[in-house]
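Have a look at the structure below, then the notes.
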Protein chains: 2
Amino acid sequence: MDLSIQQVASLTGTTSRTLRHYGDIGLLVPSRIASNGYRHYDQASLVRLQRILLLRELGLGLPAIAAVLKHETSPTEALAAHVLWLRAEQQRLGRLIESVEKTIAAQEKGEEIMAENMFDGFDHTQYKDEVEQRWGKDAYARGDTWWRGMLPLEKQELKELVAALNSDWIAASTSTVAPDSTQAQELAQRHVAWLASVPGTPASKPGGDMKGYVLGLAQMYVSDERFAANYGGLAGATFVRDVLTTYAERDL
Amino acid sequence: MDLSIQQVASLTGTTSRTLRHYGDIGLLVPSRIASNGYRHYDQASLVRLQRILLLRELGLGLPAIAAVLKHETSPTEALAAHVLWLRAEQQRLGRLIESVEKTIAAQEKGEEIMAENMFDGFDHTQYKDEVEQRWGKDAYARGDTWWRGMLPLEKQELKELVAALNSDWIAASTSTVAPDSTQAQELAQRHVAWLASVPGTPASKPGGDMKGYVLGLAQMYVSDERFAANYGGLAGATFVRDVLTTYAERDL
DNA sequence: CTAAAGCTTGACGCTGCGTCAAGGTCAAGT
DNA sequence: ACTTGACCTTGACGCAGCGTCAAGCTTTAG
C-alpha cells in the first residue's frame with residue numbers, strides 16, 4: 001500500500017535518483033510525502049512507473065513518455081513516430097559507416113595510388129612551369145619549401161584529405177547532382193578551404209584575389225588533361241569547373 | 001597568412017563559436033592572439049582544422065580527434081575503432097526498432113486477442129473461487145472493485161503492460177536462457193513488480209509475505225493448465241516457475 | 001546509546017556547441 | 001569628431017538523463 005523510494009527502486013530495477021528525477025520533472029510524483037520529507041508511493045504509482053519504464057526501454061524520451069501518460073498522445077502514435085526517428089538514425093549511422101570504411105580503404109591503398117600524383121599535381125615538381133607562370137615566380141618556391149618542410153606524417157594527412165575530397169568529387173560528378181545544389185556547393189567550399197590552406201594562394205594575402213584565382217583554376221581543370229584525369233576525365237573536370245565557378249561567383 | 005576567426009569559419013563552413021570552443025579545449029589554438037584579444041589563424045591552423053572537420057564528419061568525438069592529431073593514435077586505428085562503435089550502435093537501434101514494432105503490433109491486435117483472457121486469468125471473474133480460497137475472502141472483492149473502478153484507458157494500459165511481459169516470458173522460455181541468468185531474473189523482477197502493483201497482493205502490506213505469495217503463485221502456473229496456457233504450455237510455465245522461485249529465494 | 005541504513009535537498013559532470021548578454025574594437029560614412 | 005554597424009571578446013545558461021559526491025537529518029537494529 002505504501003512503499004518507500006528504495007523499495008520501489010529495487011522492485012522496478014531503477015534507482016532512487018531516477019525516481020527523484022521523475023518527481024522533479026513531474027513525470028511520477030510520490031503519492032504521499034511524509035512529514036519528515038520521505039517520499040512514498042502506492043500501487044497507482046507503480047503502475048504508472050511500469051509504463052514509464054516500458055516506454056523508456058523502447059527508447060522514448062521522457063517528454064514523449066509524459067505526453068503519452070497525459071493522454072495527449074496515443075501510445076501507438078508515439079511509438080510510430082519514434083520508429084521513424086529510429087530508422088532515420090539507423091540509416092544515418094549506415095551512411096557514416098560507409099564513409100568511414102571508404103576513408104579507411106582509401107587511406108590504406110589510396111595513399112600510394114592516388115595521393116602522390118594528385119597532390120603533386122598541385123604545387124610542385126612536374127608543374128613548376130605553370131605555377132611560376134600563372135601565380136608568380138616565387139609561388140613555386142614557397143609551395144615547394146612548404147611541402148618539403150612538412151613532416152612525413154603531415155604529408156600523409158594532407159594526402160588523405162585531398163584523397164577524400166577527390167573521391168567525393170568523382171562520386172558527385174558521376175551522380176545526378178546539379179552544380180548549384182547544396183551538396184555540390186559544399187564540395188566547392190571544402191575545395192576552396194583546402195586551396196586557402198596551401199601557402200602561396202591568394203586567399204589569405206591582404207588584397208588577394210581568391211575569386212579570380214579559383215575561376216582560373218577551375219578553367220585549368222578542364223583545359224589541362226593532367227588535371228582532368230584526376231577528376232574522372234573531361235566530364236568530371238567540367239563538372240568540377242561548373243561547381244567551382246558557381247561557388248566563386250556567389251560566395252567569394 | 002593571417003585570417004580572422006570569421007574568415008576561417010566561413011571558409012571551412014563552421015562557426016566562430018566552434019573555433020573558440022576548439023581553442024578552449026586545446027584542439028585548435030589560434031596561431032596568434034593580437035593585443036586586442038582577437039584570434040588569428042594561419043595556414044597550419046587551416047590544415048589542422050581541415051583534418052578536424054574531416055574526422056568530425058565521420059562521427060569521431062573531439063577527444064578521439066585530438067588523440068589522432070597528437071599522433072597518439074593512428075588515423076586508421078581510430079577509424080577502425082570508431083566503426084566498431086558505429087556498428088554496435090546501429091545494431092542496438094535495429095533491436096530497438098524490432099521491439100517497438102513488436103509492441104505496436106501487439107498493441108493493435110494483441111489487445112483483443114491476448115490481453116483480455118491474460119489479465120482476466122489473474123484477479124477476477126473466472127477465478128473467483130481460487131482467489132478467495134488462496135488469498136482470503138476479501139481479496140477477490142478488493143481486486144474486482146479495483147479493476148472495475150479503473151478507467152478504460154487505464155485498463156488498456158495495464159493490458160499492454162501484461163501483454164509485453166507475457167510475450168517476453170514466452171520468448172525467453174523458447175530460447176536457451178537459463179532460469180538463473182540475468183536476463184531471466186530481470187523478467188522475474190518485472191513480473192514481481194507487476195504483482196506488487198496489483199492491490200490485494202501481500203507486497204505492500206506491512207507484514208505481507210511476498211516471498212510465499214510468489215512461490216505459491218509460481219507453483220500454480222505449472223499445476224493449473226489455464227495459467228500454463230498463457231505461458232506457452234507446460235514447458236513455458238515450468239520455466240516461469242523456475243525463474244520466479246529462483247528470484248524469490250534470492251531477492252525477496 | 002551508537003552505528004548503520006535510508007532519507008532529504010543541492011549541485012557538479014558529461015557532449016558539443018547554440019544562443020543570448022554585456023561590452024570592447026575598428027573601418028566607414030556624415 | 002562622432003555615430004553606425006560589423007566583428008571581436010569573455011562569461012554563462014541550456015540541452016538529456018540521470019550518476020555521483022556532499023552535508024546533514026531520521027529511523028532502525030544491536
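Order of the sequence lines sets the chain letters (A, B, ...), proteins ahead of strands, with each chain counted from 1.
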Whole Å only: how far is the CG atom of B/L27 from the C1' atom of C/dG16? 12 Å

Taking all non-hydrogen atoms of both residues into account, name the closest pair between A/D42 and A/S45 and its distance. OD1-OG, 2.8 Å

Contact class for B/I5 vs. all strands (heavy atom < 4.0 Å): base, sugar-phosphate, or nothing? sugar-phosphate

Taking for B/H21 and for A/S16 the nucleotide of DNA chain C with the nearest heavy atom, the one nearer the 5' end belongs to A/S16

Within the pair B/T18 and C/dG16, is there a side-chain N or O less than 4.0 Å away from OP1 or OP2? no

Distances for protein N/O vs nucleotides 22-28 of chain C N/O pairs under 3.5 angstrom?
unit_1: C/dG24; atom_1: N2; unit_2: B/Y38; atom_2: OH; d: 3.1
unit_1: C/dT25; atom_1: O4'; unit_2: B/Y38; atom_2: OH; d: 3.4
unit_1: C/dC26; atom_1: OP1; unit_2: B/N36; atom_2: ND2; d: 3.3

Compare every heavy atom of A/S99 with every heavy atom of B/L58, then report the nearest pair and how far apart it is. CD2-CB, 3.7 Å

Do B/Y41 and B/L19 come within less than 4.5 Å of each other through their side chains, counting heavy atoms only? yes

Within the 4.5 Å heavy-atom criterion, are B/L60 and B/L79 side-chain neighbours or not? yes

May I ask you to decide whether A/E89 forms a salt bridge with A/R92, counting only side-chain N to carboxylate O separations under 4.0 Å? yes

Within this structure, what is the CG-to-P distance between A/L28 and D/dC18, rounded to whole angstrom? 12 Å

With sugar-phosphate meaning primed atoms plus P, OP1 and OP2, does A/L62 contact a base, only sugar-phosphate, or nothing at under 4.0 Å between heavy atoms? sugar-phosphate

Nearest-angstrom distance from the residue atom CD of B/E57 to P of C/dC17: 12 Å

From OH of A/Y41 over to P of C/dG6, roughly how many Å is that when rounded to an integer? 16 Å

Please determine, for the side chain of A/R17, which listed nucleotide (C/dG16, C/dA11, C/dT19) has the closest atom? C/dA11

OP1 or OP2 of C/dG18 less than 4.0 angstrom from a side-chain nitrogen or oxygen of B/T15, does that happen here? yes

Counting heavy atoms from C-beta on, name the nucleotide in C/dG16, D/dG19, C/dT8 closest to the side chain of B/P63. C/dG16

Rounded to whole Å, please give me the gap between CD in A/Q7 and C1' in D/dT28. 14 Å

Compare side-chain N and O positions of A/R39 against OP1 and OP2 of D/dT26 and report whether any pair is under 4.0 Å apart. no

Without decimals, in angstroms, what is the distance between B/L60 CG and C/dT15 P? 14 Å

Please identify which of these residues, B/H40, B/R39, B/R20, meets the side-chain contact (heavy atoms from CB on, under 4.5 Å) condition with B/P30. B/R39

Considering all heavy atoms of both residues, which atom of A/H82 and which atom of A/G59 are nearest to each other, and what is their separation? CE1-O, 3.1 Å

Return the value, rounded to whole Å, for the distance between atom CG of A/D24 and atom P of D/dA16. 16 Å

Taking for each residue the nucleotide of DNA chain D bearing the nearest heavy atom, is the 5' side occupied by A/Y22 or by B/R20? B/R20

Please report the distance, rounded to the nearest Å, between CG in A/L19 and C1' in C/dG6. 14 Å

